[in-house]
Peer 1: 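Let me give you the structure first, and then I'll get to my questions.
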Amino acid sequence: MKKIEAIIRKSKFSEVKEALHEVGVNFFSYWDVTGLGNEKVGKVYRGVSFSTNDIQRRHLSIIVNDDFEQITLDTLLKTASTGEVGDGKIFVSDILETYRIRTGEKGGETLK
Amino acid sequence: MKKIEAIIRKSKFSEVKEALHEVGVNFFSYWDVTGLGNEKVGKVYRGVSFSTNDIQRRHLSIIVNDDFEQITLDTLLKTASTGEVGDGKIFVSDILETYRIRTGEKGGETLK
Amino acid sequence: MKKIEAIIRKSKFSEVKEALHEVGVNFFSYWDVTGLGNEKVGKVYRGVSFSTNDIQRRHLSIIVNDDFEQITLDTLLKTASTGEVGDGKIFVSDILETYRIRTGEKGGETLK
Amino acid sequence: MDTSAIMGALWIIISGILVFFMQAGFTLVEVGFTRSKNAGNIIMKNLMDLIVGSIGFWAIGYTVMYGESIGGFIGTPSLFYSEGADMYNLFFQTVFAATAATIVSGAVAGRTKFTTYIIFSFIVTVVIYPISGHWQWQGDGWLTKLGFIDFAGSAIVHSVGGWAALIGAMLVGPRIGKYKDGISQAIPGHNIVFGALGVLILWLGWFGFNGGSQLAFGSEEDVIAVGNILINTNLAAAAGAAAALFYTWLRYGQPDISMTLNGALAGLVTITAGCANVSAGSAAIMGVIGGVLVVIAITFIDEKLKIDDPVGAVSVHGVCGTLGTILVGVFATEGGLINGGGASLLGVQVIGALAYAGWALATAFIVFSILKATVGLRVSEKEEIEGLDKAEHGIGVYND
Amino acid sequence: MDTSAIMGALWIIISGILVFFMQAGFTLVEVGFTRSKNAGNIIMKNLMDLIVGSIGFWAIGYTVMYGESIGGFIGTPSLFYSEGADMYNLFFQTVFAATAATIVSGAVAGRTKFTTYIIFSFIVTVVIYPISGHWQWQGDGWLTKLGFIDFAGSAIVHSVGGWAALIGAMLVGPRIGKYKDGISQAIPGHNIVFGALGVLILWLGWFGFNGGSQLAFGSEEDVIAVGNILINTNLAAAAGAAAALFYTWLRYGQPDISMTLNGALAGLVTITAGCANVSAGSAAIMGVIGGVLVVIAITFIDEKLKIDDPVGAVSVHGVCGTLGTILVGVFATEGGLINGGGASLLGVQVIGALAYAGWALATAFIVFSILKATVGLRVSEKEEIEGLDKAEHGIGVYND
Amino acid sequence: MDTSAIMGALWIIISGILVFFMQAGFTLVEVGFTRSKNAGNIIMKNLMDLIVGSIGFWAIGYTVMYGESIGGFIGTPSLFYSEGADMYNLFFQTVFAATAATIVSGAVAGRTKFTTYIIFSFIVTVVIYPISGHWQWQGDGWLTKLGFIDFAGSAIVHSVGGWAALIGAMLVGPRIGKYKDGISQAIPGHNIVFGALGVLILWLGWFGFNGGSQLAFGSEEDVIAVGNILINTNLAAAAGAAAALFYTWLRYGQPDISMTLNGALAGLVTITAGCANVSAGSAAIMGVIGGVLVVIAITFIDEKLKIDDPVGAVSVHGVCGTLGTILVGVFATEGGLINGGGASLLGVQVIGALAYAGWALATAFIVFSILKATVGLRVSEKEEIEGLDKAEHGIGVYND
Ligand SMILES: Nc1ncnc2c1ncn2[C@@H]1O[C@H](COP(=O)(O)OP(=O)(O)O)[C@@H](O)[C@H]1O
Ligand SMILES: Nc1ncnc2c1ncn2[C@@H]1O[C@H](COP(=O)(O)OP(=O)(O)O)[C@@H](O)[C@H]1O
Ligand SMILES: Nc1ncnc2c1ncn2[C@@H]1O[C@H](COP(=O)(O)OP(=O)(O)O)[C@@H](O)[C@H]1O
């Protein structure tokens with residue numbers, strides 16, 4: 001099983017969500033984070049202009065069985081991108097075990 | 001060392017916290033996430049009824065030494081469950097190293 | 001590639017950020033979490049004094065290439081610490097793969 | 001000026017100050033009923049209404065409304081009104097004008113260009129609204145002559161604002177994501193506490209709006225009139241809120257908070273035309289009708305017409321404004337249908353209500369169409385998704 | 001109606017409008033001092049108080065209070081009050097009635113059934129409160145005859161509301177998690193800025209509450225009286241806030257924000273009975289006593305009685321209402337103990353204060369007990385934990 | 001007391017109540033324009049201003065201001081003012097005094113010791129402000145004799161508060177992180193909706209502030225005067241907001257929300273001195289000047305002087321207060337430069353403006369210096385970073 005963490009633009013979220021849904025990735029969790037990356041945004045507050053690379057992003061945490069990894073990645077790469085700096089990153093790591101709290105069952109079945 | 005990530009109902013949090021405390025798991029971090037899963041909730045806003053599976057959940061991140069893994073899992077499975085769809089998931093992964101910032105020491109000792 | 005998760009005092013954040021910047025670690029994401037640890041804080045609300053160890057912390061998630069791991073850890077350990085209980089923890093884990101959404105490219109290059 | 005007149009001026013001034021405060025109420029309702037990423041933009045639009053209203057109505061609007069009548073249709077305009085002894089009336093009328101302009105902003109929230117909005121707001125203040133007012137309140141207007149009753153402005157202020165809002169919302173189009181496959185989606189307001197505070201402030205201000213429209217406080221008749229107006233206003237608001245509360249409870253299984261808040265406003269708008277002409281009991285009934293109708297109208301406009309009006313401005317001000325105007329013909333103590341007055345007043349009220357609706361719809365359509373063809377109505381998709389605050393004002397309103 | 005009477009009517013109307021605004025103050029205090037997951041429910045309860053108060057008091061409550069006296073205990077009720085020339089008084093009295101009803105809502109926040117609350121609110125408005133008022137303000141009440149002084153309602157409005165709140169909070173029981181092993185837990189309010197704004201709005205409204213209770217503004221005496229009332233009101237509020245601030249600073253090592261806010265309200269409630277009968281210096285002292293007592297009472301009720309009153313309504317309105325009523329016997333310029341008036345007024349004040357406390361406790365106990373046995377008082381545990389907003393109204397008040 | 005005088009008292013009382021409400025406005029602006037971690041502390045400071053103002057001004061400040069003149073410089077103080085027939089004036093003056101004190105709190109927000117602030121606030125209320133007032137409003141003051149005009153207090157209230165704020169902000173030093181390598185950093189306010197509501201409440205209150213300063217409402221002259229004052233006040237506010245909006249739009253490419261809000265306040269402060277002495281057109285122009293200048297001043301103080309004033313209090317109240325005072329000499333209908341009155345009034349206005357600025361700067365400097373050397377001005381670095389709410393009051397204002 002893999003954990004796929006994607007850090008994407010907030011504005012791309014609903015598109016991504018729907019695309020994931022279409023390829024059968026219905027289960028995940030997300031929250032908002034601030035990201036520091038290459039992108040810089042210029043702002044003005046009370047006459048002080050400043051450029052910040054602290055930008056609001058949405059962080060998706062998707063745990064999938066190995067056979068779903070590729071399609072999830074493909075979907076994310078396709079729908080989350082705009083081609084401009086700041087589209088975000090995806091990180092993949094290993095998950096040793098998963099449990100479904102409701103039933104106590106464990107293993108890949110819980111992700112279906 | 002293991003990282004145990006549990007995504008549970010917000011309403012179960014205080015119970016879970018106390019139960020973890022009783023078995024000696026005192027250290028962890030948590031934050032709120034939105035979860036997409038099997039559970040759907042019906043809502044009405046200004047006459048538009050809609051059902052959403054974007055549900056507020058609490059995400060616990062518990063790093064434990066291997067000998068604590070089982071008891072943590074058991075406690076979570078027992079206290080976070082209501083038996084209804086939407087109780088959440090637990091994901092276990094490997095942690096290579098941990099450090100205590102205050103002292104700079106590393107390894108399993110830092111988790112005690 | 002490694003994922004370095006650091007849970008630090010919010011008050012130390014800007015210092016840490018600058019220090020990371022200086023050693024060339026410019027890319028990461030962060031969000032606020034509540035941490036349970038050794039530190040306890042006494043509060044009073046409407047005459048009820050209570051001590052809580054649910055303390056606001058900032059969670060940094062930094063994905064780095066292996067050659068950057070040590071400098072990142074050193075910087076965090078140095079700048080995030082005050083020497084008092086509650087300075088926080090650092091957890092290191094493995095990242096199997098990373099992708100840059102904008103370009104679709106993968107591997108260590110995406111972290112530069 | 002005798003004591004009576006001075007006391008009248010005092011009451012008008014105090015009422016004007018109360019009506020001024022309605023600006024805060026409108027701002028809070030609109031901010032609260034929409035998403036956080038546009039809150040700053042809404043604040044700016046409401047401020048702009050107040051700015052444009054204050055300056056424009058003094059500069060020219062007031063005389064367009066109250067200047068010597070040209071054919072019962074429009075006043076003779078003159079620039080920069082400066083009749084010292086009448087300034088307190090200018091003040092009272094200015095805050096009314098600002099109210100009319102403000103109604104539109106809620107209906108087009110979340111996607112409209114700031115520049116475009118400013119221009120429209122200006123035209124409402126100096127043309128559309130003052131001409132509306134002239135027909136009835138100047139004294140020689142054509143509706144006055146027909147015997148039309150719109151004591152405090154259900155038609156003149158609210159329905160004009162509300163129907164203009166309908167055109168605005170229609171031509172600007174729905175917010176991105178509001179309709180999926182033709183089905184209306186909920187976009188919950190981001191802070192209903194602000195919404196509720198806003199409604200309570202509006203309710204408060206309405207005592208000045210309706211009470212002050214007596215335009216006098218110097219005799220026993222005035223005391224009786226204003227006392228009745230306040231009770232009618234309060235009863236209609238309460239009855240409107242109650243009706244919306246119980247009606248949504250029945251219909252959706254749960255009392256809907258934001259609809260209940262709209263219900264209170266619906267009651268207030270409904271009673272505004274007849275607040276000085278109906279009994280307390282009639283006011284309560286009118287409030288109930290308004291409170292139920294507003295819920296039906298909001299759902300109808302949202303789900304059937306598929307026009308996206310985030311705060312329900314069209315239903316509250318347009319529909320209930322027209323409703324209240326017509327109901328005067330039914331409930332008026334003198335001349336009302338159910339009080340044995342026959343149908344003649346009712347006929348006049350219908351004519352007036354239709355005239356104002358037509359006027360607002362037509363002028364708003366022309367102006368918005370021109371604006372669409374020239375400066376454009378909408379922000380870009382990117383700006384809308386990101387939120388107008390960051391896109392148009394550089395920074396969001398909520399920070400750490 | 002002569003000029004004096006007209007000016008009096010104007011003052012009463014303005015005061016009534018100010019008192020109306022207190023609804024917003026109560027709502028904000030209650031919303032701010034409790035958790036976010038119940039904010040919408042609190043808004044609805046407060047709206048409901050206003051609805052029920054407005055309709056119920058007009059429909060019957062007003063005559064229960066001011067109708068011809070039946071034995072000095074209750075007025076002769078009649079339906080749908082419609083005395084044109086008295087409508088401005090009805091308005092003023094209506095907003096008072098709504099205040100009394102609203103006090104309870106804060107004390108039972110976060111766990112009470114909405115339906116149950118509506119019923120109770122209705123009974124307060126048309127039975128419990130009007131009868132309280134009749135005893136003293138109608139003119140032929142038994143307490144009037146004793147020479148009892150409760151100028152603006154420390155006992156009649158506030159203590160009645162506050163003691164009813166005590167019964168409510170007691171019978172409904174504490175919020176889940178409020179007491180762990182018998183020890184009180186802090187459940188911090190979710191937005192103290194709302195709380196502070198609410199208190200400032202209440203403070204503002206109180207100038208109408210106390211000042212308007214002069215019920216006249218037509219002579220030099222009235223000007224003097226109202227001037228004194230405003231200063232006394234303001235001084236007591238300031239002194240109450242200061243006392244709570246410094247007392248909590250001493251006692252807990254830190255000036256407690258929410259207690260300081262309660263202190264201001266405590267000073268206001270304390271001075272309400274005697275605001276027209278004491279000197280400015282006495283008002284300040286009474287404020288200090290109220291401000292300290294409220295802190296003690298909140299802690300006592302919370303930690304000793306283990307009754308969960310999230311906003312301190314019982315202490316602010318019940319305890320300080322009774323306190324203020326009694327202190328009139330001590331500080332009254334005429335008849336007060338320290339001004340050489342002997343103990344007779346003090347005795348009467350104690351009788352009155354006890355009568356109101358007893359009346360409120362008894363009637364609230366009966367009503368809440370019946371409600372408990374029939375519709376039930378509490379929401380289910382699941383609903384409470386999830387929050388009343390989602391459970392009872394479908395959606396939370398805070399969104400994106 | 002004849003009818004005219006009674007009506008005057010009524011107007012003064014109502015105005016006083018409106019001015020009181022400005023406390024809520026100040027609190028919200030300051031809370032909204034700063035960071036969330038200090039919101040509770042700001043609430044407490046504003047409450048403290050109100051407490052100290054209410055008690056201190058009654059206890060002694062009022063007579064320092066209005067007592068028999070000692071050399072045109074200070075009134076003869078006496079303790080615990082108790083002239084019954086004058087209490088309504090005391091009320092009106094008290095809320096003014098509280099305003100003056102409150103101005104400082106925004107400028108020193110986020111880093112100042114609570115105890116220190118209380119002491120300073122007390123000194124402003126009983127010494128600095130009342131003496132300012134004496135020079136002009138008592139009737140025998142040295143500036144009155146010169147023919148100086150400051151109708152409602154641009155100089156006396158606002159500039160005195162604003163210049164004291166400058167000294168405070170300077171001596172306390174900038175917030176940690178405000179300047180990096182000498183370059184000003186943006187520290188966005190945490191809730192601009194609160195800021196906007198605050199500004200609208202202030203705008204509302206200003207009708208009482210300026211209108212009430214007529215101190216009469218008993219004749220046609222009064223009606224004319226108050227009518228003009230209200231229009232001037234409203235126009236200046238609108239023009240100020242418009243000017244700031246368009247000026248920031250031009251200068252920064254985007255209409256800046258918080259600057260536009262400051263612009264409205266700038267217009268209000270600018271017109272305060274001359275609101276009864278200029279025409280509507282002049283008022284609008286003065287508002288524009290104020291609205292542009294405030295933006296320039298905020299940037300100058302922030303980036304050039306490197307003095308950290310989170311809410312722009314120095315620019316709004318100090319700079320525009322002085323500006324408005326001087327502009328009376330230019331725009332006054334009688335005696336103003338552009339109305340052919342020559343330069344003599346202008347000269348007097350400059351003298352007065354400088355006198356008040358000097359007085360405020362000097363006294364504030366002395367008091368803050370003493371406080372710095374004794375109790376200290378700043379909280380510790382740790383407390384500041386953590387936020388004053390947790391450090392000084394035990395808990396934050398925002399919870400779940
Ligand atoms: N090494 C990293 N560790 C954690 N998060 C990262 C890392 N690199 C990028 N991110 C996240 O991805 C976001 C987008 O990255 P950015 O460098 O701006 O764009 P791009 O990937 O298009 O060059 C950042 O704001 C940050 O949240
Ligand atoms: N594959 C997954 N990846 C990440 N989070 C998940 C995943 N599956 C479930 N979750 C989280 O767990 C929550 C509960 O899951 P759900 O499917 O609703 O209940 P159940 O596990 O009882 O079937 C979801 O709302 C989501 O936050
Ligand atoms: N085992 C753990 N798993 C997850 N988070 C932890 C763990 N231990 C500590 N933390 C985080 O680190 C923070 C600081 O830890 P704490 O024990 O208070 O200080 P210290 O490390 O100085 O002893 C905690 O509040 C929590 O957020």
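First the proteins, then the strands, lettered A, B, ... as listed; each starts at 1.
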Peer 1: For each of F:F20, F:F92, F:F114, F:F21, tally heavy-atom pairs with chain E at distances under 4.5 Å, and name the one with the top tally.
Peer 2: F:F20
Peer 1: Donor-acceptor pairs between chain F and chain E under 3.5 Å, which ones?
Peer 2:
from, atom 1, to, atom 2, distance (Å)
F:M1, N, E:E220, OE1, 3.3
F:S54, OG, E:N234, ND2, 3.0
F:A391, O, E:Q254, NE2, 3.2
F:H393, ND1, E:P255, O, 3.1
F:G394, N, E:Q254, OE1, 3.4
F:V397, O, E:I192, N, 3.0
F:N399, N, E:H190, O, 3.1
F:N399, ND2, E:G189, O, 2.9
F:D400, O, E:S36, N, 3.2

Peer 1: Nearest heavy-atom pair of E:A241 and F:I51: which atoms, and what distance?
Peer 2: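 Reported closest heavy-atom pair: CB-CD1, 3.5 Å.
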Peer 1: For F:L47, which atoms come within 4.5 Å of any heavy atom of chain E: side chain, backbone, both, or neither?
Peer 2: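 Just its side chain gets close to chain E.
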Peer 1: Which of residues 194-201 of chain E get closer than 4.5 angstrom to chain F, counting heavy atoms alone?
Peer 2: E:F194, E:A196, E:L197, E:L200, E:I201
Peer 1: Which answer fits E:I229, side chain, backbone, both or neither, if we ask what part of it has an atom under 4.5 Å from a heavy atom of chain F?
Peer 2: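 No part of it gets close to chain F.
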Peer 1: So which residue, F:M7, F:M48, F:M87, ends up with the most heavy-atom pairs under 4.5 Å with chain E?
Peer 2: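 Of the options given, most contacts go to F:M87.
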Peer 1: Heavy-atom cut-off 4.5 Å, strictly under: side chain, backbone, both or neither for E:I14 against chain F?
Peer 2: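 For E:I14, the contact with chain F is made by the side chain alone.
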Peer 1: Given that the side chain runs from C-beta out, which part of F:A39 has a heavy atom under 4.5 Å from chain E: side chain, backbone, both or neither?
Peer 2: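 When you check distances to chain E, only side chain atoms of F:A39 fall under 4.5 Å.
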Peer 1: Mind checking the CZ-CG spacing from F:F57 to E:L235? Nearest 0.5 Å is all I need.
Peer 2: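 If we round to the nearest 0.5 Å, F:F57:CZ and E:L235:CG are 12.5 Å apart.
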Peer 1: So for F:L28, is it side chain, backbone, both, or neither that comes closer than 4.5 Å to the heavy atoms of chain E?
Peer 2: side chain
Peer 1: Let me confirm one number: the CZ-CD1 distance from E:F207 to F:I17, rounded to the nearest 0.5 Å.
Peer 2: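 Going from the CZ atom of E:F207 to the CD1 atom of F:I17 covers 6.5 Å.
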Peer 1: Give the minimum heavy-atom separation between F:G40 and E:I257, together with the two atoms involved.
Peer 2: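 Heavy-atom minimum between the residues: CA-CD1, 3.4 Å.
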Peer 1: Between F:L10 and chain E, with a heavy-atom cut-off of 4.5 Å, which part of the residue counts as in contact: side chain, backbone, both or neither?
Peer 2: both
Peer 1: Quick one: of E:G32, E:P255, E:G227, who has the most non-hydrogen atom pairs under 4.5 Å with chain F?
Peer 2: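 Of the options given, most contacts go to E:P255.
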Peer 1: Looking at chain F, which one of E:V193, E:V226, E:L245 has the largest number of heavy-atom pairs inside 4.5 Å, strictly under?
Peer 2: E:V193
Peer 1: Below 4.5 Å, heavy-atom pairs only: which of F:L50, F:V31, F:I12 has the largest tally toward chain E?
Peer 2: F:L50
Peer 1: Non-hydrogen atoms of chain F under 4.5 Å away: do they reach the side chain of E:F33, the backbone, both or neither?
Peer 2: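 Contact with chain F is absent: no heavy atom of E:F33 under 4.5 Å.
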Peer 1: Go through the atoms of F:A391 and report whether side chain, backbone, both or neither lie under 4.5 Å from a heavy atom of chain E.
Peer 2: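 When you check distances to chain E, only backbone atoms of F:A391 fall under 4.5 Å.
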Peer 1: At a heavy-atom separation under 4.5 Å, does E:A284 approach chain F through its side chain, its backbone, both, or neither?
Peer 2: side chain
Peer 1: Please classify the contact between F:I118 and chain E as side chain, backbone, both or neither, with a heavy-atom cut-off of under 4.5 Å.
Peer 2: side chain
Peer 1: Taking every heavy-atom pair that is under 4.5 Å apart, which of E:V223, E:I187, E:L261 has the most such pairs with chain F?
Peer 2: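 Heavy-atom pairs under 4.5 Å are most numerous for E:V223.
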